[in-house]
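These notes concern the structure reproduced below.
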Amino acid sequence: MHKLFPFLILFSLIVSITHGCFLTVPWSVYILSNIPDDIVAHIKSGDDDLGNHTIPFKGNYNWSFCSRGDHRTLFYGYFWWGSKFQSLDLFNKELEKFCTLNKAGRQDCYWWVRPEGFFVSPLNNTFSEFYWKFIKPWG
């Protein structure tokens with residue numbers, strides 16, 4: 001058993017380095033803008049402040065992370081479009097369930113910011129509104 005322990009430690013380290021997430025799901029969140037002007041997004045979690053990001057018309061911003069095993073990962077954002085403002089959760093337990101597809105490996109969650117408000121989808125398909133769930137209007 002003592003000879004197996006170093007092997008398990010080494011194996012765990014290699015998997016963590018090559019895949020980034022050990023025993024958790026790797027996620028990527030994308031914010032796609034369909035606003036005819038620049039929007040500013042400030043993205044945060046309890047542990048990380050990703051800062052302000054200017055997203056141009058038809059542009060996007062994205063980030064990746066490892067979800068927590070207890071499904072308590074939370075990312076939220078503050079958005080400005082001219083004089084309009086909105087804040088909302090971008091990833092939480094409910095959104096994780098909504099965006100999870102029955103596939104192995106990396107999962108994705110897409111936000112489509114439009115003049116009407118904020119829409120979310122597990123698929124990047126801005127050609128069809130069928131896949132998009134309306135979450136919140138601009139404030």
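When the shell of 6.0 Å around NZ of Lys136 is examined, it contains more than 12 heavy atoms from other residues, nucleotides or ligands. Within 6.0 Å of CD in Glu116 there are more than 12 heavy atoms belonging to other residues, nucleotides or ligands.
Proximity of Asp38 to Ile55: side-chain heavy atoms (C-beta onward) are nowhere separated by under 4.5 Å. Counting heavy atoms from C-beta outward, Ile31 and Asn60 have side chains that stay 4.5 Å or more apart. Using a 4.5 Å cut-off on side-chain heavy atoms (C-beta onward), Leu32 and Val113 make no contact. Side chains of Cys99 and Asp108 form no contact here, defined as non-hydrogen atoms less than 4.5 Å apart. Counting heavy atoms from C-beta on, the side chains of Val25 and Thr100 never come closer than 4.5 Å. At least one side-chain heavy atom of Pro36 sits less than 4.5 Å from a side-chain heavy atom of Trp81.
Put simply, the residue from Phe91, Tyr110, Trp63 that forms a ring-ring contact (aromatic ring centres under 6.0 Å, His included) with Trp27 is Phe91.
Residue Trp132 holds its CH2 atom at 8.5 Å from CG of Leu123, rounded to the nearest 0.5 Å. Within the model, atoms CD of Gln86 and CH2 of Trp138 stand 8.0 Å from one another, a figure rounded to the nearest 0.5 Å. Here Ile39 contributes atom CD1 and Lys84 contributes atom NZ; the two are 12.5 Å apart, rounded to the nearest 0.5 Å. Separating the CG atom in Asp89 from the CD atom in Glu94 is a distance of 8.5 Å, to the nearest 0.5 Å.
Between Trp111 and Phe119, the distance from one ring center to the other does not fall under 6.0 angstrom. The aromatic ring centroids of Phe79 and Phe118 lie less than 6.0 Å from each other.
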Test log, rule side chain to side chain contact (heavy atoms under 4.5 Å, CB included), inputs Gln107 and Leu101: CA-CA 7 Å; Gln107 300 287 326; Leu101 296 175; 4.0 Å; yes

From CA spacing to verdict: side chain to side chain contact (heavy atoms under 4.5 Å, CB included), Ile135, Leu88: CA-CA 9 Å; Ile135 299 296; Leu88 69 152; 4.3 Å; yes

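Closest of all the heavy-atom pairs between Asn34 and Pro115 is O-CD, 3.6 Å. Scanning both residues, Pro122 and Phe98, for their nearest heavy atoms gives CD-CE2, 3.8 Å. The shortest non-hydrogen separation linking Asp49 to Ile43 is OD1-O, 3.6 Å. For the pair Ser33 and Ile35, the tightest heavy-atom approach, listed with the atom from each and the gap, is OG-N, 3.2 Å. Considering every non-hydrogen atom in both Ser28 and Ser64, the closest pair reads OG-OG, 2.7 Å. The shortest non-hydrogen separation linking Ser67 to Thr24 is O-CB, 3.0 Å.
Side chain of Trp112 to backbone of Asn125: no donor-acceptor contact under 3.5 angstrom is found. The main-chain N or O of Leu95 is found under 3.5 Å from a side-chain atom of Asn92 such that the two form a donor-acceptor pair.
Val29 and Tyr61 fall within a single hydrophobic cluster, where Ile, Leu, Val, Met, Phe, Trp and Tyr are joined by side-chain heavy atoms under 4.5 Å apart, directly or via other members.
Taking 4.0 Å as the cut-off between side-chain N and carboxylate O, Arg72 and Glu96 do not count as a salt-bridged pair.
Relative orientation of the Tyr76 and Tyr78 rings is perpendicular, given thresholds of 30° and 60° on the angle between their planes. Between Phe65 and Phe75, the two ring planes are tilted [angle within 30° to 60°].
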